[in-house]
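Below is one structure; the comments refer to it alone.
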2 protein chains.
Amino acid sequence: MAGPNIDDIDLQILGELQNDGRMTNVELARKVGLTAPPCLRRVRALEESGAITSYHAVVDPAMLGYTITVFAMVSLKSQAESDLKAFQEHVDALPEVRECHMLNGEIDFILKVVAKDLQSFQQFLTSKLTPAPNVVSVKTSLTIRTSKNLPGVPLPV
Amino acid sequence: MAGPNIDDIDLQILGELQNDGRMTNVELARKVGLTAPPCLRRVRALEESGAITSYHAVVDPAMLGYTITVFAMVSLKSQAESDLKAFQEHVDALPEVRECHMLNGEIDFILKVVAKDLQSFQQFLTSKLTPAPNVVSVKTSLTIRTSKNLPGVPLPV
DNA sequence: TATGAAATACTTCGCCC
DNA sequence: GGGCGAAGTATTTCATA
């Protein structure tokens, strides 16, 4: 159904774990119609092969005082690979930057940035992002609300 | 240190679980310097309070044949709340749409969309996204590569 | 709240099908 | 490949301070 060596039961496992990453192996086994040992073997194989890359708890930013989420659209002067890479390495090291995607078209990078308030975001922008190597323009948009925020890909669950 | 009733040990717990959502409770307890029972009570309390909203396995899109990730910037004709809501409900129901954020400025929404190939993305665009209620413009950018993709917020880990 | 012990449940291995 | 049973851990509750 999908990539090499991934069958329908694996797809079900991926769907369940994408939906609830803390599900116990016995519950997972019950849901996909296996007993625990073969189910665990499949999960381990999916982790080994890289189909499952990691597990995360999702933390509510607002509960930790992060009231600001911003998308920053960045354009660079040069699109030479070495320049793209230098910019990437610069922003990847900033903890406020949660995501960094390189895009085609006029915008070279889109970043998702979190901050505790507008003031600390402005400081981040002027002292860390705009001075990054090779930057020619940064356009930012505040997130007003997020109505959907799912990880990964569509899977049957 | 952060929101109400969240102390430094809670912050450590959030950091560890954000980093590895499948960590066992005893390992978590060891890392934060508690024994298992009080550690578990704290985790349950963080889940109850909404500080931890969910747990997810991260699945590699490429391993499941999803080779395309696109950011779609959408502008609407009307920004009346009922129109914003109608658009949101439309796109939230589409499985290809993984994220939907409402922004300030000229772009009203930014969506993260996945697809198996360019052709199915084009079909999604013309048959599902562009015909959504109230849409006036949709600009899309293909993701060339993603160098950072962390959930949540900066936490000490 | 934290601890320690005890009951229950889960994980994981070896073996067989 | 999957299932069964057993051993080793982990989870979870409860009594206690």
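Quick note: numbers below take in every heavy atom, side chains included, and nothing from hydrogens, waters or symmetry partners. A, B, ... follow the sequence lines: proteins, then strands. Residue 1 opens every chain.
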### Task
Name the closest nucleotide to the A:Ala36 side chain, picking from D:dA10, C:dA5, C:dT12.
C:dT12
### Task
Return the value, rounded to whole Å, for the distance between atom CG of B:Leu40 and atom P of D:dC14.
13 Å
### Query
Looking only at side-chain N and O atoms, does A:Thr35 come under 4.0 Å of OP1 or OP2 in D:dG2?
no
### Message
On DNA chain C, compare the nucleotides closest to B:Ile9 and A:Val26; which residue's is nearer the 5' end?
### Response
B:Ile9
### Task
To the nearest Å, give me how far apart CZ (A:Arg30) and P (C:dC10) are.
10 Å
### Message
In whole Å, I'd like the distance from the CD atom of A:Glu27 to the C1' atom of C:dT11.
### Response
15 Å
### Task
Kindly point out which of C:dT3, C:dC13, D:dA10 is positioned nearest to the side chain of B:Pro37?
C:dT3
#### Entry: Nearest-Å distance for atom pair CZ/C1', residues B:Arg44 and D:dT11
9 Å
### Sub-6.0 Å ring centroid separation between B:Phe71 and A:His101
yes
### Message
Taking B:Glu81 first and then A:Arg145, would you say they form a salt bridge - that is, a charged N and a carboxylate O separated by under 4.0 Å?
### Response
yes
### Query
Are any of the side-chain heavy atoms of A:Thr69 and A:Thr146 separated by less than 4.5 Å?
no
### Length of the line joining A:Arg41:CZ and D:dG1:P, which is rounded to integer Å
10 Å
### Task
Measure from CZ on B:Arg22 to C1' on C:dC10 and round the result to the nearest Å.
11 Å
### Distance, rounded to the nearest Å, where A:Asn25 contributes CG and C:dC13 contributes P
12 Å
#### Entry: Length of the line joining B:Leu34:CG and C:dG4:P, which is rounded to integer Å
12 Å
### Message
So does A:Ala36 get a backbone contact from the side chain of A:Asn25, meaning a donor-acceptor N/O pair under 3.5 Å?
### Response
yes
